[in-house]
Amino acid sequence: MKKDKINILSIIGLITSFFSIIIGSILCFVALSQIKDSKERGKGLAIAGITINIVKTFSVVLIFILLILAPGKDANEYKCNNSSNCTLNPDNLTYTCIFDGEGVEEYITCKKAEQKNIENYGTEDNEDTFDYDREDN
């Protein structure tokens with residue numbers, strides 16, 4: 001007679017898996033243990049809840065890794081774009097700028113922005129360009 005009964009913890013564990021990885025996993029594993037002992041139905045629900053939690057865990061880890069490794073503007077680049085009083089350094093490649101953050105002046109070194117013009121299209125210095133046929137005279 002107990003075979004017709006569905007383990008309630010497996011249902012709760014499956015539903016909870018959508019909201020909480022840890023609590024959902026615990027409930028599903030406890031439900032599997034109870035189902036093994038009592039021969040109730042609901043093993044598939046508990047396994048589905050565990051599978052959802054595994055997929056969610058890998059997704060969270062993957063997103064976290066991608067956010068850390070993703071290229072983006074670093075703090076110094078942000079400061080360079082929002083600084084004032086920049087003077088060209090003797091190397092003609094960098095600037096020394098004053099960044100005023102929260103009332104504290106900070107001297108930072110910024111790279112000189114490269115000029116993009118028709119002469120350097122398609123060269124190593126300017127790779128983000130389009131290709132076109134051009135005859136050099």
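Throughout, numbering of the chain's residues begins at 1 and tracks the sequence.
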request  = If a pair satisfies side chain to side chain donor-acceptor pair (under 3.5 Å) and one of its residues is in residues 54-63, list it, with sequence neighbours excluded.
outcome  =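 Applying side chain to side chain donor-acceptor pair (under 3.5 Å) to every pair that reaches into residues 54-63, excluding sequence neighbours, yields nothing.
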task = Quick one: which residue pairs count as a side chain to side chain donor-acceptor pair (under 3.5 Å) with a foot in residues 11-33, not counting sequence neighbours?
result =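 Applying side chain to side chain donor-acceptor pair (under 3.5 Å) to every pair that reaches into residues 11-33, excluding sequence neighbours, yields Ser17-Asn53, Ser25-Asn53.
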Please say yes or no: joined through hydrophobic side-chain contacts below 4.5 Å, possibly via intermediate residues, are [X] and [Y] part of one cluster?
| X | Y | answer |
| --- | --- | --- |
| Phe18 | Ile21 | no |
| Ile11 | Phe19 | yes |
| Val55 | Leu14 | no |
| Ile22 | Ile12 | yes |

request  = Sequence neighbours left out, what passes side chain to side chain contact (heavy atoms under 4.5 Å, CB included) with Val30? Give chain and number order.
outcome  =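 Residues passing side chain to side chain contact (heavy atoms under 4.5 Å, CB included) with Val30: Leu9, Ile26, Gln34.
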request  = Report the residues that fulfil side chain to side chain contact (heavy atoms under 4.5 Å, CB included) with Ser10, sequence neighbours left out, ordered by chain and then residue number.
outcome  =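 Ser10 satisfies side chain to side chain contact (heavy atoms under 4.5 Å, CB included) with Ile6, Asn7, Ala31, Ile35, Leu45, Ala46 only.
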task = Hydrophobic side-chain clustering at under 4.5 Å (ILVMFWY, transitive links): who's grouped with Ile50? Put none if nobody.
result =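 Traced through the cluster, Ile50 reaches Phe29, Leu32, Ile47, Ile54, Phe58.
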inquiry  = I'd like to check the side chain to side chain donor-acceptor pair (under 3.5 Å) partners of Asp37; sequence neighbours left out, ordered by chain and number.
reply    =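 Asp37: no side chain to side chain donor-acceptor pair (under 3.5 Å) contacts found.
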